[in-house]
Student: 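What follows is a structure written as structure tokens; I'll ask about it next.
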Amino acid sequence: MSLFTRKYLWRYSKLSSISKAFSTADTVKIPFLTGLSLEFHTIWLRHHCPCENCFNPKTFQKMVIPSKLPDLSVIKDVETNSSLNSVQITWMDDHKSTFDMNWLQKVNTKWLKIPENYFLKEDDDQYKYNFTNIHPFPSDPLQNAVNYDDFMSSDHSLAELLGNIVKHGFGIVQNAPPDFNSTKEVVLRISHPQNTIYGDFSQWTSNLAHADTAYTSEYVHLHTDTSYFSEPMGLQMFHCLKHEGTGGMNSLVDGFAIVKKFHENFPGEHSLLKKVFIPSQFLDVGKHHFYTADVTFKYSLLTRSIERFRYNPHDMATLDTIPFNLIAPFYTSLVRLSDEVESSPVWVKLSPGVVIFLDNWRVLHGRSEFTGFRHLCGAYIGRSDWLSKARVLGVVK
Ligand SMILES: [Fe+2]
Ligand SMILES: [Zn+2]
């Protein structure tokens, strides 16, 4: 059936009611009385469950990470409710997902608009990629820390910190005074901060000041920040000024090492993750709605080295950017990526005095849940700005 015919029939079918939906080996089919039917992959449906446990109604974030999806995506029963215009799936663990047909139709309409030449025809996997910029991640992140007094007074120490960030994707200043103003001075040694909706320098407790799980005490899965910005923030700084309680460990993973592993061991998944556009969003109703769809692994066309890793399982928007025929292999890739990310983090306790800088284009971070009062401050620095300082000091040639 041509795309034109499908679109024509589809418009007509919207006026028609649905008949009984049913599951196939890995999809759910929803037939219409017109004879046309909608089809969604089971794993895609489980990923988009709109219930409050799977989709946080306050932050509009997805709460189920991709590595959990294969076990959860086994259907027990599918029911069609014509009067409510919805389809309800009962999963094998008795979890229930109710999908509004209008929403499913909207997704389908987006799918039909994806250009057929979504991917470059040229097979660019023939290129030799360059991973010489990747070094083993330190098992103890604090081992490469520079001392606050040296850092504030000597360009040699500042260059050492920037060198650590270039080499490993993060750098730490130790023994800093645990207060907001001193931390600002630490950041300003590198550059002015980048102003965002979170402010230039910000401090927060777990009070949900912004619509994001980072402002709660819940477990936060590994991610890069601001995946929903057209250009994600370059460098991220955290300083825990006070914590009276337990937990709150930070997890770190070198995203570039994961890309290298995919390139060497999982070429099909590697290829999809550098081509498929994943949509990310930040929604604070009436105030902000950021949205960007981009690839997970972005290579430099000039140097053939990996340049940016963009991944946040919480901030993924509706995955209506992937052609239907690629959804199954895409989810295989996404689940493998999620498995790899979650399986190998290095953990660090950011106690007062430890100021950490993360290359947000490379290193993923997460946080375990915590109890008690926790006071943090943070800032972002643009990638152009921190690399400028690194060049001035001869760290980047
Ligand atoms: Fe974050
Ligand atoms: Zn759910």
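As the structure lists them, so they are numbered: ligands from 1, and atoms in each ligand from 1. For clarity, every value in this text was computed on a predicted model and none was experimentally measured. We number each residue from 1, following the sequence as shown. The figures that follow rest on heavy atoms only: side chains count, while hydrogens, waters and symmetry mates do not.
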Student: Mind reading off the angle at the Zn ion (ligand 2) between the SG atom of Cys49 and the SG atom of Cys51, rounded to 10°?
Tutor: 110°

Student: So, Phe324 versus Trp44, ring centres under 6.0 angstrom or not?
Tutor: no

Student: Please find out if less than 6.0 Å separates the ring center of Phe170 from that of His365.
Tutor: no

Student: For the Fe ion (ligand 1), give me the closest N/O/S atom belonging to Asp225, just the atom name.
Tutor: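 Going through the N, O and S atoms of Asp225 one by one, OD1 ends up nearest to the Fe ion (ligand 1).
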
Student: Relative to the ring of His270, is the ring of His263 parallel (under 30°), tilted (30 to 60°) or perpendicular (over 60°)?
Tutor: perpendicular

Student: Give, rounded to 10 degrees, the angle between NE2 (His95) and SG (Cys54) as seen from the Zn ion (ligand 2).
Tutor: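 Seen from the Zn ion (ligand 2), NE2 and SG are separated by roughly 110°.
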
Student: Which atom name would you report as the N, O or S atom of His223 nearest the Fe ion (ligand 1)?
Tutor: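 Nearest N/O/S atom: NE2.
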
Student: Looking only at N, O or S atoms, which one in His365 sits nearest to the Fe ion (ligand 1)?
Tutor: NE2

Student: Please find out if less than 6.0 Å separates the ring center of Phe370 from that of His243.
Tutor: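 Ring centroids of Phe370 and His243 are less than 6.0 Å from each other.
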
Student: Using 30° and 60° as the class limits, which term best fits the ring planes of His221 and His314: parallel, tilted or perpendicular?
Tutor: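 Answer is tilted, since the angle falls between 30° and 60°.
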
